[in-house]
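A short worksheet on the structure shown next.
Values in this document were obtained by computation on a predicted structure and should not be read as measured data. Each chain gets a letter, A, B and so on, in the order the sequences are listed, and its residues count up from 1.
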Amino acid sequence: MFQDRDETTEAIRSGVARLCMDFPGEYWRDLDAKRAYPKAFVDALTEQGYLASLIPEVYGGAGLDLASACVILETIHRSGGNAGAAHAQMYTMGTLLRHGSEAQKQQYLPGIADGNLRLQAFGVTEPSSGTDTTRIKTTAVREGDFFRINGQKIWTSRAEYSDLMILLARTTPRSDCAKPSDGMSVFIVDMRENLGKSITINKIDTMINHSTTAVFFDDLMVPADNLIGQEGKGFRYILGGMNAERILIASECIGDARFFVDRASAYAREREVFGRPIGQNQGIQFPLAQAHMQTEAAMLMVERAASLYDQGQVRGSEANMAKYLAAEASWFAADTAMQTFGGFAFAAEYDIERKFREARLYRTAPISTNLIFSHVATHDLGLPKSF
Amino acid sequence: MKALVCVKRVIDYNVKVRVKSDETGVELNNVKMAMNPFDEIAVEQAIRMKEAGAVSEIVVVSIGPKQAQETIRTGLAMGADRGIHVEHDGELEPLAIAKMLKALVEKEEPGIVFCGKQAIDGDNNQTPQMLSALLGWPQGTFASGVELNDAGALITREVDGGLEDIQINMPAVLSVDLRLNEPRYASLPNIMKAKKKPIDGTTPADLGVDPAPRLTTLKVTEPPARAAGVKVASVAELVAKLRDEAKVI
Ligand SMILES: Cc1cc2nc3c(=O)[nH]c(=O)nc-3n(C[C@H](O)[C@H](O)[C@H](O)COP(=O)(O)OP(=O)(O)OC[C@H]3O[C@@H](n4cnc5c(N)ncnc54)[C@H](O)[C@@H]3O)c2cc1C
Ligand SMILES: Cc1cc2nc3c(=O)[nH]c(=O)nc-3n(C[C@H](O)[C@H](O)[C@H](O)COP(=O)(O)OP(=O)(O)OC[C@H]3O[C@@H](n4cnc5c(N)ncnc54)[C@H](O)[C@@H]3O)c2cc1C
C-alpha cells in the first residue's frame, strides 16, 4: 500500500520488513501451538517505535499519519506475522488523543509512546448485546469523585497484556435518553490497581492464537478524572476510533492477501505434477489472478479511506467498505492458497493453514459483514434501517 | 575524526534477479532496491566507532540516480550525520566512481573511508582499491576486524583459508567483509530524525570527473541451468562414482 509515496514510507516499509525477518514462520507456529503471546515480537515493535507511530511528537510518538500506520501493519501481515497481539496499542489511544483533556494526555500518552504503559484493551462488546452496542449493560454511577462500575465485557482482546483499558459504560439508562446512542461514557481504566479485586479477567480459548478475554467489573471505583470528554457522549467518541481501527485492520487484510498470493504463486511455479508446474493449469492460475486483482482493488479502497481519514473527512462508510473489501479479498486469497497447496496446505509447516484461520476473523470482527451491508444500505443508499 | 562511508543502491538481496529479454542487462523496473549489504556493515562500523568516541562525524556518500537519496537516507536513519549525493543516471564504472570519491575525500578530508568489499550487483570489488591508489592512502580490504591504535589501525583481513592481521597507517581506505559486524536496522524515531538530516547534492561535472563508461556490455545472459543429478543405489556405488567419474577422492 502507498507504494512509492515518499522516502519515509519506504524506509518504514523496509524497517518493518527487516524487523519481521527476525520473527519467521517457526516463531509464529510455535506460539500458535502453545497459544502463547508473542512477547518478543511486541517488545521489538515497541522498542523500534512502531507502536507509537500515531502518537504526536509532543507526547513522544512519531506523529505519523494513518497511511504510515497502514503500511506498518500491512508489512507485518505480508511477512507472515500477525499484528493482532499489539495493533490496538496504535489506535486505542486515539479516543484519548481526540477527546481527552490535556492533563489526561500528559498523564498517559508519553508512557504509551515509550511502551511503559500498555493500552491494548478496548472494552465495548458485551455478551448480551453483541453488535447492538447501545444495549450494553455495564453501568457507571457517579459517587462523589468516583464512578462505580459494574458489568461484564466479552472479547476484550489483550486485556491480560494491557495496563489500561478504554471502557464504554452506560451512565444514563437507555430508557431515559433521547436517543439510544446517548447516555454512554468512555473511561480510561487503570487495571493494574484493581486486578483480582474489582476486575476479573478470564481468558477465552479461540480458534486462532488471539489473546482475548471476558472481563468482569465488580464495584470498580474509577476516579471521575478518568472520564474522557463529556459524560454521555462516549458512543460518538468510540465510533471515531472505530474508523481508524477498521482501516488499520483492512490494511492487515491486504497484507494477509498478499502473503497468500505471494506464497501460492511461488508454490504453483515450483510444484510439478503431471509433468508440469501446477501453475500452468488454468484451474490453479486463474483463481490466483483473481485473488491478486481483488487484492489490488481492495487496496485502492483502503488507501482512499486512509487518505480521507488523514484529511479528517472519512465517514463510517469508507472505513466500513475498506474493511469489508479487504477482508473478503484476503479470505478469497486464503482459500485459493489452501487449494493451490493441495494436501500440503494442511501441514502446519507451510504456514498456510495458520494464516487461513487468522484471516477468517476479519469477516466477523471488529465488525461483522452484515452490519457493514446494513450501514452502507442505510447511509449511502437511503434505504430504511432493517433493525 | 570524520568518517566517509560509501553506499550503493542495488537490487535487494531477496529479489531473484531476471535478465531482460533483449539481453542488454538485468530487469530494474519495479524491482525492489536496497542498500548494498556490505555497505550496511560499513555504516554500522562507522556508527560503532562514533559510539565509542573514535569518530566524530559520519558522512554517507552515494553516486547514482535520484533514488540513491533513499539509500543515503537509510544510512542517516541508521545513525550517520549527513549525506552527499552525486547525481548521475546510467552506467558507472569503478574507476569513475573512485575518481569522484577522491574529489570528495579531498573536499571533506575524512580520517577514514569505509566501503563494502564489493557491491552485490556487479561484484566488481575494485572501487576501494582504486580509491586508495588514487589517494595514495593505505588500504585494508576484506576487513573483519578494525582496531585503532597509536600507530594507525590493526586490520583483520579475511583471506583464503584464514585471517591475516595487518598494521596500516591512517588515513586509510577500508573495505569491510561480512563478519565484521551485524548491522542494526533503523527504528521509527531514527527514520523520523533522518528526514531532518541534510543531504548535499553534487554532480560528476562539479567534481571534475567524466563518468562515461570505458567498457561496452555485449550481452547479458542467464547462467546455464544445472543438469539434473543422478540417484545411486548404494554407498558403494556412490564411492565408486566419486572416485572413477568425478575423480574427487
Ligand atoms: C477474536 C475476537 C477479538 C475481539 N476483540 C474485541 C475487543 O477487543 N473489544 C471489543 O469490544 N470487542 C471485540 N470483539 C467482539 C467483536 O467486535 C464482536 O464479536 C462482533 O462485533 C460481533 O458481535 P457478536 O459476536 O456478539 O455477534 P452478534 O451481534 O451476536 O451477531 C451474530 C451474527 O448475527 C449478525 N447480525 C446481528 N444483528 C444483525 C442485523 N440486525 N442484521 C443482520 N445480521 C445481524 C451478525 O452480523 C453476525 O453475523 C472481538 C471478537 C473476536 C472474535
Ligand atoms: C489430512 C489429509 C489426509 C490424507 N490422507 C491420505 C491417505 O490416507 N492416503 C493417501 O494416499 N493420501 C492421503 N492424503 C493426500 C491427498 O489425497 C492429497 O493431498 C490430494 O490428493 C492432493 O495431492 P497433493 O497434496 O499432492 O496436491 P497436488 O497434486 O500437488 O495438487 C495441488 C493443487 O494443484 C491442482 N492440480 C494438480 N494438477 C492439476 C491439473 N492437471 N489441472 C488442474 N489442477 C491441478 C490440484 O487440484 C490442487 O489444487 C491426505 C491429505 C490430507 C491433507
Side-chain angles (χ1 to χ4, degrees), chain A residues 3-24 43-65 68-69 71-73 75-76 78-80 86 89-90 110 113-115 258 262 265-266 269-270 272 296, chain B residues 7 9-16 18 28-37 39-41 43-44 60 62 64-80 82-83 85 87 182-199 201 225-226 228:
Chain A
Q3 203 71 45
D4 296 324
R5 185 171 73 137
D6 55 34
E7 266 176 23
T8 310
T9 310
E10 293 316 309
I12 290 171
R13 198 191 315 277
S14 50
V16 176
R18 190 72 177 264
L19 184 156
C20 290
M21 282 167 68
D22 293 343
F23 300 94
D43 286 350
L45 276 181
T46 307
E47 275 161 29
Q48 299 286 312
Y50 290 108
L51 296 183
S53 60
L54 293 172
I55 298 177
E57 281 174 290
V58 284
Y59 302 111
L64 289 169
D65 56 7
S68 307
V71 170
I72 294 171
L73 295 176
T75 307
I76 293 170
R78 185 173 193 165
S79 81
Q89 182 86 357
M90 283 175 135
D114 67 25
R258 297 225 187 274
D262 291 347
S265 306
R269 283 192 296 270
E270 302 286 322
E272 289 194 15
E296 290 284 303
Chain B
V7 299
R9 182 171 180 268
V10 299
I11 295 185
D12 187 279
Y13 73 93
N14 290 303
V15 171
K16 191 172 180 300
R18 271 194 274 233
L28 292 176
N29 276 338
N30 292 319
V31 172
K32 187 171 185 292
M33 307 292 282
M35 185 189 289
N36 178 40
D39 301 348
E40 287 184 342
I41 296 170
V43 177
E44 176 68 31
V60 281
S62 191
K66 195 167 183 346
Q67 299 90 316
Q69 287 187 16
E70 279 172 31
T71 311
I72 296 175
R73 207 63 82 180
T74 305
L76 299 178
M78 286 172 74
R82 62 187 172 87
H85 175 218
E87 189 163 350
E182 198 174 311
R184 71 195 66 193
Y185 43 87
S187 67
L188 184 56
N190 287 337
I191 291 172
M192 301 308 288
K193 275 186 215 143
K195 285 170 74 166
K196 294 174 191 137
K197 294 180 181 174
I199 298 180
R226 268 173 62 178

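Among Val16(A), Leu64(A), Asp4(A), the residue with the largest count of heavy-atom pairs under 4.5 Å with chain B is Leu64(A).
For CG of Asn30(B), the number of neighbouring non-hydrogen atoms (other residues, nucleotides, ligands) closer than 6.0 Å is 12 at most. No more than 12 heavy atoms of other residues, nucleotides or ligands lie within 6.0 Å of NZ in Lys195(B), so this atom counts as exposed by the packing criterion. Atom CZ of Arg18(B) has 12 or fewer neighbouring heavy atoms from other residues, nucleotides or ligands inside a 6.0 Å radius.
With a threshold of 4.5 angstrom between heavy atoms, Gln67(B) does not approach chain A through any atom at all. Neither the backbone nor the side chain of Gln3(A) comes within contact range of chain B; no heavy atom of the residue lies under 4.5 Å from a heavy atom of that chain. With a threshold of 4.5 angstrom between heavy atoms, Leu19(A) approaches chain B through its backbone and through its side chain. No part of Asp6(A) comes within reach of chain B, as not one of its non-hydrogen atoms sits under 4.5 angstrom from that chain. With a 4.5 Å cut-off on non-hydrogen atoms, Ala77(B) does not touch chain A at all.
The shortest non-hydrogen separation linking Met192(B) to Ala62(A) is CE-O, 3.5 Å. Nearest heavy atoms, Pro189(B) versus Gly49(A): CD-CA, 3.9 Å.
For the atom pair Thr8(A) OG1 and Arg73(B) CZ, the distance stands at 7.5 Å (nearest 0.5 Å). Put simply, CD on Glu47(A) and CG on Leu188(B) are 13.5 Å apart, with the number rounded to the nearest 0.5 Å. To the nearest 0.5 Å, atoms CD (Glu7(A)) and OG1 (Thr71(B)) are separated by 9.0 Å.
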Can you check side-chain contact (heavy atoms from CB on, under 4.5 Å) on Ile191(B) and Tyr50(A), steps first, answer last?
CA-CA 11 Å; Ile191(B) 291 172; Tyr50(A) 290 108; 3.7 Å; yes
Can Glu10(A) and Arg9(B) be said to form a salt bridge (Lys or Arg N to Asp or Glu O under 4.0 Å), step by step?
CA-CA 14 Å; Glu10(A) 293 316 309; Arg9(B) 182 171 180 268; over 6 Å; no
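Contact check for Arg18(A) versus Pro183(B): side-chain heavy atoms found under the 4.5 Å cut-off. Taking 4.5 Å as the limit, some side-chain heavy atom of Lys32(B) sits within range of a side-chain heavy atom of Ser14(A).
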